[in-house]
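The next block holds one structure in the form of structure tokens; read it before the comments.
First listed ligand is number 1; within each ligand, the first listed atom is number 1. What's counted below: heavy atoms across the whole structure, side chains too, no hydrogens, waters or symmetry copies. Start at 1 with the first residue, then count along the sequence.
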Amino acid sequence: MESNAAQATITHAATLLTQGKLVAFPTETVYGLGADARNEAAIAKIYAAKGRPSNNPLIVHVATVEELRCYADISSSWNPAVVNEWITKLTSLWPGPLSVILPRGKEIAPNVCAGGPTVALRIPRHPVALDLLRAFQGPVAAPSANPSMYVSPTTAQHVRDSLGDKVDLILDGGPCEVGLESTVLSLLHGIPRVVRPGAVTLDMLRHALGCPVEGPLSSGETLPSELISPGLLAKHYSPRTPVRLRTSLAHGEKLPPKTGALIFSHWQPEFTPRVTKVLSQCGDLEEVAARLFGALRELDESGLDLIVVDTCEPLGLGEAIMDRLIRASRQ
Ligand code: TXA
Ligand code: MG
């Protein structure tokens, strides 16, 4: 009975996508705001609902590696044989929190890619996302289902709270398991390059590909122009309340009385927080990542003047966690 009802909902969601409507759906990373990636008018609705600048491209979701190859134009890539081999090797990480940037296939609407020649594609592993993609039988463009610049949603309620009236249907698949947006990997050049860190780490990519992989840029470097997109700009993922990293506080610094603390595990703040959130009793980074955005949203709704956040080593999953927190703390 329950699975029939669930199947009927998925069928309905796929029909809405076919009609050019917007469906929010769970992925293992964050909730996405989905539309048919071949339908320019439907894609325009995503940009409007999010208030997203039209020059910031979207990620396209597909159910299989065959579809991923089909919606890219690998024949026009820098070396089709090598790129095809890389994709074969990456199948060990899909379905999962990894997006790859490739030359855009002709079926993908140009506005998905902000008019550019490349497309980001991924195969999510959340069962509801996969059911939806299989039922729809086509590519679904989906940015994170939050207003532009705000914290990504990791529950259906987060989507309802900030975009509820702008979405035709919200599929509820429970809290997201990973909690941070996918790793974005460019395959546009001879050395693969991570342009956004995520739960698929540099080590995992190097191991899967068996070749060098460049990390996200340290601030001094410049990105090849085809990889520059506003989504990768310095400030992003921010609560409205100012955020500071605990490592930026001077010893004995006077903080506003209404300061909250976001603690990963064992940090004991020098100040007395008005509100405290502890993400993981045992310091498990996967748990920290999964609960991070929900906790930032809650602290943002607590009437604080400042949120001070804990930090960790920027290694493995810690690299993605610190990437999001450094961005959130930028003025
Ligand atoms: O985990 C995720 O990736 C989630 C779920 C819903 O799949 N989606 C997501 O989408 O985080 P969004 O739009 O919030 O972030 C997409 C990122 C942005 O930083 C965007 O600039 C970058 O991917 N991006 C997309 N297409 C690109 C392209 N062709 N070239 C360079 N960057 C691209
Ligand atoms: Mg986003």
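A distance-only check finds no donor-acceptor pair linking the side chain of Glu85 to the backbone of Val82 [under 3.5 Å]. A donor-acceptor pair under 3.5 Å links the side-chain atoms of Tyr47 to the main chain of Asn111, judged by distance alone. Counting only distance, with no hydrogens or angles, the side chain of Glu177 and the backbone of Glu28 share no donor-acceptor pair below 3.5 Å. Judged by distance alone, the side chain of Asp36 and the main-chain N or O of Gly20 form no donor-acceptor pair under 3.5 Å.
Of all atoms in ligand 1, listed by their number and element, those nearer than 4.0 Å to a heavy atom of Thr29 are 1 (O), 2 (C), 4 (C), 5 (C). Atom numbering of ligand 1 starts at 1 in the shown order; those under 4.0 Å from a heavy atom of Gly32 are 6 (C). Close approach of ligand 1 to Leu58 (heavy-atom distance below 4.0 Å) involves ligand atoms 25 (C), 26 (N). Every atom of ligand 1 is numbered from 1 in the order shown, and the set under 4.0 Å from a heavy atom of Ser144 is 8 (N), 9 (C), 10 (O), 12 (P), 14 (O). Ligand 1 places these atoms under 4.0 Å from at least one heavy atom of Thr118: 28 (C), 29 (N), 30 (N). Within ligand 1, the atoms closer than 4.0 Å to a non-hydrogen atom of His61 are 5 (C), 6 (C), 7 (O), numbered from 1 in the order shown.
At least one N or O atom of Arg122 sits closer than 3.5 Å to an N or O atom of ligand 1. For a threshold of 3.5 Å applied to N or O pairs, the pair formed by Lys50 and ligand 1 contains no separation below that value. Polar contact check, Arg52 against ligand 1: a nitrogen or oxygen pair lies under 3.5 Å apart. Close N/O approach between Thr27 and ligand 1 is not found [any backbone or side-chain N/O within under 3.5 Å]. Considering backbone and side-chain atoms together, Ser182 places an N or O closer than 3.5 Å to an N or O of ligand 1.
The hydrophobic clustering, which links ILVMFWY residues whose side-chain heavy atoms are closer than 4.5 Å, places Ile321 and Leu315 apart.
Across every non-hydrogen atom of Cys176 and Thr27, the tightest pair is SG-O, 3.3 Å. Contact between Trp267 and Val309 at its shortest, heavy atoms only, is CZ3-C, 4.2 Å.
Using a 4.0 Å heavy-atom cutoff, Arg104 is absent from the residues neighbouring ligand 1. Contact annotation: Cys113 has no heavy atom less than 4.0 Å from any atom of ligand 1.
For the Mg ion (ligand 2), the N/O/S atoms of Ser152 include none lying under 2.8 Å.
Ring planes of Phe25 and His61: perpendicular class, angle over 60° (limits at 30 and 60°).
Figure legend: Arg297 and Tyr150 shown without cation-pi pairing, the cationic atom not lying both under 6.0 angstrom from the six-membered ring centre and within 45 degrees of its axis.
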